[in-house]
Structures are given as C-alpha cells and as structure tokens.
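Count residues from 1 along the sequence.
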Amino acid sequence: MTYKISYQLYSSRNFPPLASHLPVLKDMGYDGVEPWLPAYQEDPALLRRQIDDAGLACYSFHMPLSGLVDEPGRFIDIALTLGARYMIPPFVPVAERENSSDFWKGIGDRLAEGARLAAPHGLKVLWHNHDFEYAPLPDGSRPIDHILTAGEEVLFEIDCGWIARAGADPARELCKYADRIFAIQPKDTAPPGTQAEDGWTATGDGIIDWPALAPLFKQTNADLIVTEHDNPADWKRFAKRSIDYLRTLGI
C-alpha cells in the first residue's frame, strides 16, 4: 500500500506563521497537511494557495462537530476550497458529554447525517478519537463503538497515541475497525509520568510498538498517514524525526 503522509498543522500552532512551515514540510518529504480550525477560518482560499505554492496537498481537515450538523454547507464549501477529501470532527467538549449510550449513539447519528450530506460532493466524514471514547460507560459499552456503528457512512481517523493513553490496545482497534479506518495518526506517547511536551513525543521515540502495528495498517482502508504532536517544543524536530521513522517502517 502506498500512503500519502500528511502533517497535522495543529502541531505547529505555537510557532507562527504557519505559511512558513509549508515549504519546510515539503522538503522533509511530506505530501500534505491537515489543517485544523482556526487555521482556515479567515480565508480558506488563501490557505489553499499557500499549500499549493509549497507543492503540498490538503487531503483532510479537522472541523467542529457542530459545523457538520449546523453549517454543513459552509464546511462542505471549505472542504472543496481546500481540496480535502475527508471532513474530520475530532472532539466533543467536556461540558457537552453525557455518560450514556444514547448520547454517544446520537453523536454517531449526527456524523452519519453529515456524511450523507457530504457524499454527493465526493467527500467522506471521519471521526477522530481522543481517550474519552475508550472509557467504559455505566452499561459497560464504549463511546467509540456507539459512534462507529451508527452507520456505514461513519468512517475513522484513528489516533493510536490517544488509544494507548486510554489504556486500550491500538492493535485491537486497528483490526476491529479496519474497514472504517481511512486515515491513521501514528501519534506516539512518552512513558507515563513524563511532563515534558505534555508527555507526547515524535513517532518512534515513545513507548508504542510501531514495528508491530505498522503491518496492520495495510489491513485497513487507510490511504493517509497523519503525523501529530499536541505540544512539541520544536516542531521541526518532531516533523523530521516522525517522517524519517515512518520511512524506516516502509511507510
């Protein structure tokens, strides 16, 4: 399987201006970037020109779930402007979460409805996980399972680092949802208790067994790999070490 390798621009949010990062990422070997809101909020067309000028592409972007539900037309237009194929809501704010199966089924239903609206435009909707989707509910079920079983339209950008942080098994999740996974984030985490960089690290520098996980990638429907670090001290070091390590895995 040949993957496109993209860089989540959230990793660079503390090192503006973002436009200056794009040619550097291209020189490192990245194929594209994955923007997050607010990177494209003011002028999606300008960001698209900057991405194009750097010789990169935008295959996916993160967006609020509320935007998919309340403003689908606006975010579909943004996707088309950026050239993205995948629209990715990544979060439910803590204040909005409910500890019930019905609530998480409802999240899945909202994603499914958004996916049906996006499909005629050639777009797909993927959920991006954090750790909270793996915390058991009172009935023993998990939010992630309710989200992803709401309908076959609901696809998945799997974040392996957050799964590991949740105490779940990334290998099990890669296998369980192989047919739903269209993008993979090989996010790595440092040993528990690490304070530096909020405990995150470059791919290959942490505790996740990537040589064991990487062969599972090809069993999924993923054609996109997205590196991310939630709080790097040096974005260039993170970006370079991550893509170089992925290359050693044959990705």
Quiz item: So Ile243 and Tyr7, side-chain contact (heavy atoms from CB on, under 4.5 Å) or not? Walk me through it.
Solution: CA-CA 9 Å; Ile243 194 169; Tyr7 173 88; over 6 Å; no

Quiz item: side-chain contact (heavy atoms from CB on, under 4.5 Å) between Asn14 and Asn231: does it pass, once the steps are laid out?
Solution: CA-CA 8 Å; Asn14 294 325; Asn231 192 22; 3.6 Å; yes

May I ask you to test the [X]-[Y] pair for a side-chain heavy-atom distance under 4.5 Å?
X	Y	value
Met63	Leu37	no
Asp205	Arg241	yes
Ile147	Phe156	no
His146	Leu137	yes
Glu228	Glu34	no
Thr227	Ser11	no
Val92	Trp104	yes
Asp230	Trp162	yes

Between [X] (side chain only) and [Y] (backbone N and O only), is there a donor and an acceptor less than 3.5 Å apart?
X	Y	result
Thr220	Ala178	no
Ser242	Thr203	yes
Asp188	Gly206	yes
His130	Pro90	yes
His21	Phe15	yes
Asp169	Ala171	yes
Arg110	Ile107	no
Glu197	Gln195	no

Quiz item: Any chance CD of Glu152 has more than 12 other-residue heavy atoms, nucleotides or ligands included, within less than 6.0 Å?
Solution: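 Atom CD in Glu152 is not packed in, count stays at 12 or less.
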
Any idea which heavy atoms bring [X] and [Y] closest together, and the distance?
X	Y	value
Ala239	Tyr30	O-OH, 2.7 Å
Ser60	Leu224	OG-CD2, 3.5 Å
Met87	Ala118	SD-CB, 4.0 Å
Phe75	Gly67	CE1-CA, 3.5 Å
Tyr3	Ala222	CE2-O, 3.3 Å
Gly161	Ile208	CA-CD1, 3.9 Å

Exercise. Could you tell me whether Arg74 sits above the aromatic face of Tyr40, with NZ or CZ closer than 6.0 angstrom to the six-membered ring centre and within 45 degrees of the axis?
Key: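 The answer is no; the distance or angle limit is not met.
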
Quiz prompt | Ring-face cation of Arg180 near Trp127 (centre distance under 6.0 Å, axis angle within 45°) | solution =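 Output no; distance or angle outside limits.
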
About how many Å separate [atom2] of [Y] and [atom1] of [X], when rounded to the nearest 0.5 Å?
X	Y	atom1	atom2	result
Ser6	Gln185	OG	CD	9.5 Å
Ile163	Arg165	CD1	CZ	13.5 Å
Cys160	Asp209	SG	CG	11.5 Å
Leu9	Ile51	CG	CD1	7.0 Å
Thr248	Leu246	OG1	CG	7.5 Å
Arg172	Leu216	CZ	CG	13.5 Å

Do [X] and [Y] sit in one hydrophobic cluster, given that two such residues count as connected whenever their side-chain heavy atoms are within less than 4.5 Å of each other, even indirectly?
X	Y	value
Phe238	Ile184	yes
Ile76	Leu65	yes
Leu123	Trp36	yes
Leu117	Leu155	no
Phe182	Ile225	no

Exercise. Mind running side-chain contact (heavy atoms from CB on, under 4.5 Å) on Asn221 and Asp179 for me, showing each step along the way?
Key: CA-CA 6 Å; Asn221 280 317; Asp179 63 331; 4.1 Å; yes

Is [X] salt-bridged to [Y], cutoff N-O under 4.0 Å?
X	Y	result
Lys176	Glu173	no
Arg85	Asp223	yes
Asp52	Arg48	yes
Asp159	Lys187	yes

Quiz item: Does a side chain donor of either Tyr177 or Asp145 reach within less than 3.5 Å of an acceptor in the other side chain?
Solution: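 Their side chains do contain a donor-acceptor pair, which is all the 3.5 Å distance test asks for.
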
Exercise. Go through the side-chain N and O atoms of Asp102 and Ser100 and say whether any donor and acceptor fall under 3.5 Å apart.
Key: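 Judged by distance alone, the side chains do not pair up.
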
Quiz item: Could you walk me through whether Gln8 and Glu157 pass the side-chain contact (heavy atoms from CB on, under 4.5 Å) check?
Solution: CA-CA 12 Å; Gln8 169 53 257; Glu157 178 184 57; 5.7 Å; no

